[in-house]
Amino acid sequence: MAMITFEHVGKRYGGRFEAIADLNFSIERGEMVFLTGHSGAGKSSVLKLLTCLERPSRGRVLVAGRDLASLSAGQVPFYRRQIGVVFQDHQLLFDRSVFDNVALPLLIQGVPPLDAARRVRAALDKVGLLHRERALPIELSGGEQQRVGIARAVVNKPALLLADEPTGNLDPQLSADIMRLFEDFNRIGTTVLLASHDLALIARLRHRILRLREGRLIADEEAA
Amino acid sequence: MKPTPKAAAREPRPRKGARAQRISLDSRYQAWLRHHRQVALDSGRRLVRQPFSSLFTMLAIAIALVLPAMLWLGLGSVRALDHSFDDSARMTLYLSPGSSSEQVIGLAERVRGEPGVSEVEVITAEQGLQEFQQALGVGDTLSLLDANPLPATLLVTPLERDPAEAERLAERLGRLEGVDEARLDLAWLERLRELGALGQRLTLGLAVLFGFGVLLVVGNTIRLAVENRRKEIEVVTLIGATRAFVRRPFLYSGAWFGLGGGVLAVVLLTLGRGWLSAPIGALARSYGSDYALPSLGGGGSLLMVACSILLSLIGAWVAVGRHLAEIRPR
């Protein structure tokens with residue numbers, strides 16, 4: 001059963017620049033897939049299409065069988081609540097604690113505070129930062145900040161986790177730790193799509209790799 | 001490996017693991033209330049954290065509200081004046097000079113018997129002189145005159161308030177023997193009314209103008225607040241916040257500004273009234289009037305604060321709507 005399906009997807013910006021051209025691929029439920037390529041190859045565009053930040057110029061993007069083009073503007077927020085997104089710059093809010101950052105998706109969904117607190121602590125525990133819940137993001141290291149970002153993405157127990165260069169600013173050891181975290185979530189059934197240009201790292205991890213160049217899929221390497 | 005797209009589309013919407021737990025309508029309502037309470041408090045706290053800029057915004061709102069409110073109050077007292085004259089749209093009959101008091105009393109009886117007359121009050125020449133002296137405060141100056149130059153007068157209250165009817169009555173009474181002149185002063189009443197209407201329009205015009213000013217002040221403040229929280233807006237939008245969720249804190253900020261501005265406006269008006277009431281009371285007393293500056297009162301104060309909140313809310317709404325459209329997460 002496919003979690004993500006791209007069918008002849010094209011995306012043009014400003015009528016000329018073609019970020020994605022006729023992209024076709026499918027990701028099964030429970031898979032962990034790396035999306036790689038040079039900057040400008042279309043990795044970010046793929047993620048933007050999946051988070052409904054952009055709409056395709058051509059073709060269809062389906063998530064869990066649903067054509068994203070069928071979502072109205074009012075439905076998009078509710079769709080976004082079903083996916084977890086991890087950003088390269090983790091997008092934490094620096095004016096509130098680690099706990100409040102992770103609780104943000106639950107606050108948006110109106111989860112009762114006690115229930116929310118339990119789930120926030122569970123998510124923080126998974127990324128190994130339970131003891132820092134009262135800290136402000138600024139007091140954390142880069143790796144810890146990224147882990148808070150991951151906790152926020154998974155606090156909702158999404159079936160699909162997207163990550164855009166989650167290890168972009170981290171050293172190799174921290175990067176490996178973060179990747180292990182994604183593998184942990186994948187192991188309990190979460191579908192993970194991870195954009196990265198750290199070829200050495202992803203080659204070691206033995207998952208399926210989608211290689212993009214100039215907006216086209218040039219290789220689809222099955223997990224070793 | 002890759003399923004056909006058709007097959008994927010035909011599949012029923014899959015269950016989403018643990019997230020599939022249903023949230024009841026009641027608990028969703030609870031969540032909504034909780035969020036409102038939280039956001040209201042949080043917006044209030046943000047205002048308090050920047051006391052000076054918040055105070056300046058509220059002062060700007062208050063000043064924009066005080067001027068039309070002052071005009072409105074002044075207009076109210078003009079209208080009250082109008083009504084008090086309306087109640088006694090009386091006419092004055094000036095009797096021929098040198099009428100004896102018997103003649104005056106006789107004439108008063110006769111006028112009382114005329115149809116359309118409700119009441120007649122006699123003011124003898126002596127009473128007239130006394131009142132004149134009191135009103136002008138000229139004391140003994142008039143006693144230097146050899147003879148009383150004032151005629152005896154009859155104040156006639158007509159049964160009908162209708163100006164045309166009163167005019168006909170005045171004409172009829174003016175022809176009575178012993179009556180020099182019948183005067184019905186409707187012209188200045190008309191003028192007063194027209195002035196009142198003009199004042200009303202001016203007040204309305206100014207209120208609209210200054211109300212627009214309040215919208216702009218709040219709109220600009222909210223625009224800055226939106227800009228300051230741009231990052232937060234981007235993040236919560238990315239993780240599934242609805243527009244209403246994003247808008248809410250700014251609307252509450254607007255409401256708080258409105259509340260503060262409205263209360264300040266009431267305070268300013270009350271202070272201003274206190275400051276002016278002593279000299280105005282003294283001035284009024286010197287004219288033999290017990291006129292006092294009108295006050296807003298409880299109802300007026302509430303109305304003022306409510307208007308202020310409403311205007312600020314609208315200003316915030318417009319500003320948020322415009323600026324949120326510009327903010328799109330990367």
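Below, chain A is the first sequence line, B the second, and so on; all start at residue 1. Nothing here was measured: the structure is a model prediction, and the numbers come from that model.
For A:Leu107, the parts sitting under 4.5 Å from any heavy atom of chain B are the backbone and the side chain alike. In this structure, chain B has a heavy atom under 4.5 Å from the side chain of A:Asp95, while its backbone stays farther away. In this structure, chain A has no heavy atom under 4.5 Å from any part of B:Gln30.
A salt bridge links A:Glu54 to A:Lys11: one of the charged nitrogens lies within less than 4.0 Å of a carboxylate oxygen. Ion pairing between a basic and an acidic side chain is recognised when a charged N comes within 4.0 Å of a carboxylate O; A:Arg211 and A:Glu221 show such pairing. Ion pairing between A:Asp125 and A:Arg121 fails under the 4.0 Å rule for side-chain N and carboxylate O.
Heavy-atom proximity under 4.5 angstrom to chain A picks out B:Ile239, B:Gly240, B:Ala241, B:Thr242, B:Phe245 from residues 239-269 of chain B. For residues 51-71 of chain B, a heavy-atom distance under 4.5 Å to chain A picks out no residue at all.
A:His207 and A:Glu183 share a donor-acceptor pair across their side chains, judged by distance under 3.5 Å alone. Residues B:His323 and B:Glu227 have side chains that never bring a donor and an acceptor to within less than 3.5 angstrom of each other.
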Are A:Val9 and A:Asp22 close enough, and set up right, to give a side chain to side chain contact (heavy atoms under 4.5 Å, CB included), and what steps lead you there? CA-CA 5 Å; A:Val9 175; A:Asp22 196 38; over 6 Å; no

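Side-chain contact check for A:Pro166 versus A:Leu194: some heavy-atom pair is nearer than 4.5 Å.
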